[in-house]
Number of protein chains: 2
Amino acid sequence: MTRKKTSADKGLDFGILPSLAGYQLRLAQIAIFRDFAAALGEFDVTPGLFGVIVIIDANPGLKQSELARAAHLDRSTVVSVIDNLERRGLVERRPADNDRRSNALVLTPDGVALLKKLKRRVGEHEKRLVEHLSEEERATLVTLLQKIFPEQR
Amino acid sequence: MTRKKTSADKGLDFGILPSLAGYQLRLAQIAIFRDFAAALGEFDVTPGLFGVIVIIDANPGLKQSELARAAHLDRSTVVSVIDNLERRGLVERRPADNDRRSNALVLTPDGVALLKKLKRRVGEHEKRLVEHLSEEERATLVTLLQKIFPEQR
DNA sequence: GTCAAATTGTTTGACGTCTAACAATATAAC
DNA sequence: GTTATATTGTTAGACGTCAAACAATTTGAC
C-alpha cells in the first residue's frame, strides 16, 4: 500500500489518473501551454493562433472553411479569429476568385514580420519543451503521438 | 522540394508545424478530447471534470483550493465546477473543521455511483487511445510525456 | 495580545471555443 | 434552364476557463 486515503499530509491521491495516457498527455499539454503563453504573452498569441498564422502564410489565399478544417476549428470560430487578426492588421480578407461567398486569406506585411518574430520565440519554447529529452527520445515521442487516433487527421 | 506553396490542390501546407513536438501533442490532445466527448457525452463529463471527480473521491474532505492546485484549475473555476456538480447532486460542500473559510468536498452516493460508470467508459476510451501502440510503446509514451516540463508538477 | 500579511471562497468581466440557425451563393439533378 | 441540395461566412447563445477584486477568516511578527 502506497498511501492511505485518509492521510492528512499534503500529498494528494490522484487515483487512477496517473495511469491514464490521456491524463499524462493532458498534464504535458497544460505545462506546454503555460510556457508558450509566458514566452509569447507579449504578442498575445496562443498555440492555436500561431498555427493559424503559419497555415495562412504557407497557403496564401486559402478560404476560411479550409483554414477551419486545417486548424481543427469550427467555421464560426474562424470568423472571430480572423476578425481578431484583421483588426490587428496581420491578415486581410480578399474576395476570392470564382466564388463570391468565400474570402481569400493573406498575411499582410505586418503579419509576415510578426510571424518571423513568433517563429524565433516558438523555437526557443520548443527547445525548452524537449530539454530533458535526447534527440532520439524526441523523435520517438513524435512518432508515438502520431499513432494516437491517426484516423482522425 | 515536397510541395509548392502555390499548389492549387487540396493538400495544404502546414509549414513548420508538423516538426514541432508541441503541435503534435496538441493534435493528439484534440483527437483524444473528441473521442472522450463521444464516449462520455451522454454523461456531460469532460476530461477535466472526470479528473475533478476522481480527485474528490480519492481525497474526501479536501478543500476547494487544494482541488484547484491538484486539478490545475483557478480557484474561481473550481467554484463554478463545484456549483455544477453540487447542482447535479454529485458533490457536497461541507463546513471544514478548524477553518470557517473552507469547504470540505465529498462525493455523494450518486457521485460515487456515477464515477463507477465513468471509469468503465474511460477505460474503454483509454483502450482506443493506445490501440495502435504496443504495451511497451504505451509505457514509453508515458515516460517521455513526464519528461516535459517536469518542474511544473 | 495586536495588527499586518496570507489564504479561502466568491463575484464580475473577459476570452476562446462550440452548436444551431440563417442568408447568400454555388453545385448537382433533372 | 429550373430547382433542390450543399457550401460559405456570419450571428446569437451557451459553456469552460482565467484574472482581478473583494470580504471573511486565519496565520505570523512583534
Side-chain angles (χ1 to χ4, degrees), chain A residues 10 26-27 29-38 40-41 43-53 56 61-88 91-105, chain B residues 10 26-27 29-38 40-41 43-53 56 61-88 91-105:
Chain A
K10 278 189 57 174
R26 189 157 174 273
L27 282 192
Q29 170 91 14
I30 289 172
I32 290 172
F33 193 93
R34 289 231 163 86
D35 186 83
F36 192 100
L40 284 82
F43 296 116
D44 263 304
V45 171
T46 59
L49 204 49
F50 174 71
V52 163
I53 296 174
I56 297 176
L62 90 167
K63 299 187 284 180
Q64 292 182 201
S65 294
E66 293 169 342
L67 174 58
R69 279 186 288 270
H72 297 267
L73 293 175
D74 191 84
R75 283 197 333 275
S76 62
T77 303
V78 168
V79 172
S80 54
V81 167
I82 299 301
D83 282 352
N84 176 359
L85 294 177
E86 204 171 31
R87 205 180 315 122
R88 296 205 239 165
V91 166
E92 207 187 321
R93 280 173 164 110
R94 292 192 185 156
D97 314 347
N98 306 330
D99 193 338
R100 286 183 298 171
R101 297 170 303 179
S102 307
N103 298 323
L105 303 175
Chain B
K10 280 188 55 176
R26 190 156 173 274
L27 282 192
Q29 170 91 14
I30 290 172
I32 289 172
F33 193 94
R34 290 230 162 87
D35 186 83
F36 192 99
L40 283 83
F43 296 116
D44 263 303
V45 171
T46 58
L49 204 49
F50 174 71
V52 164
I53 296 174
I56 297 176
L62 90 166
K63 300 187 282 182
Q64 291 182 201
S65 295
E66 293 169 342
L67 174 58
R69 281 186 287 270
H72 298 266
L73 294 175
D74 191 84
R75 283 200 329 280
S76 60
T77 303
V78 168
V79 172
S80 53
V81 167
I82 300 300
D83 281 352
N84 175 358
L85 294 177
E86 204 171 31
R87 206 179 316 122
R88 297 206 237 166
V91 165
E92 207 186 321
R93 281 174 165 110
R94 292 191 186 158
D97 313 347
N98 305 330
D99 193 339
R100 284 184 298 172
R101 297 170 303 180
S102 308
N103 298 322
L105 303 175

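Every chain is numbered from 1 and lettered A, B, ... according to where its sequence line falls, protein lines coming before strand lines.
A donor N or O paired with an acceptor N or O is found under 3.5 Å between the base of C:dT19 and the side-chain atoms of A:S76.
For the atom pair CG of A:D74 and OG of A:S65, the computed distance is 10.0 Å after rounding to the nearest 0.5 Å. To the nearest 0.5 Å, atoms OG (B:S80) and CG (B:L85) are separated by 10.0 Å. Taken from NE2 in B:H72 to CZ in A:F33, the straight-line distance is 14.5 Å, to the nearest 0.5 Å.
Going from atom CZ of A:F36 over to atom P of C:dG16 covers 14 Å, rounded to whole Å. B:I82 has its CD1 atom 18 Å from the P atom of D:dC15, to the nearest Å. Atom pair A:L49:CG and C:dC15:P shows a separation of 13 Å (rounding to whole Å applied). Residue A:Q64 contributes atom CD, which lies 6 Å from atom C1' of D:dG9 at whole-angstrom precision. Regarding B:D99, its CG atom lies at a distance of 6 Å from the P atom of D:dT27, rounded to whole Å. Remark: C1' of D:dC18 and CZ of A:F33 are 10 Å apart, rounded to the nearest angstrom. In this structure, the CZ atom of A:R100 is 17 Å from the C1' atom of D:dA6, given to the nearest Å. Note: CZ (A:R34) to P (D:dT17) measures 12 Å, nearest angstrom.
B:V81 comes within 4.0 angstrom of sugar-phosphate atoms only, judged by non-hydrogen atoms across all strands, and of no base.
Considering only side-chain N and O atoms, A:R75 lies nowhere under 4.0 angstrom from the phosphate OP1 or OP2 of C:dA21. Between A:S65 and D:dT7, a side-chain N or O to OP1/OP2 separation shorter than 4.0 Å is absent. Regarding contacts with the backbone of D:dG9, every side-chain N or O of A:K63 stays at 4.0 angstrom or more from both OP1 and OP2.
You'll find that the side chain of B:R69 is closest to C:dT8, out of C:dT10, C:dC18, C:dT8. Closest approach to the B:V79 side chain among C:dG16, C:dG9, C:dA21 is made by C:dG9 (side chain taken as heavy atoms from C-beta onward). Listed candidates were D:dT17, C:dG9, D:dT10. Nearest to the side chain of A:N103 is D:dT10.
The nearest heavy atom of DNA chain D to B:S80 and to B:R101 marks one nucleotide each, and the one closer to the 5' end goes with B:S80. Between B:N98 and A:T77, the one whose closest nucleotide on DNA chain D sits nearer the 5' end is A:T77.
The side-chain hydrogen bond (donor to acceptor under 3.5 Å, both in side chains) test with B:N103 is passed by exactly one of B:K63, B:R94, B:Q64: B:Q64.
A donor-acceptor distance shorter than 3.5 angstrom exists from the side chain of B:E86 to the backbone of B:R93, with no hydrogens or angles considered.
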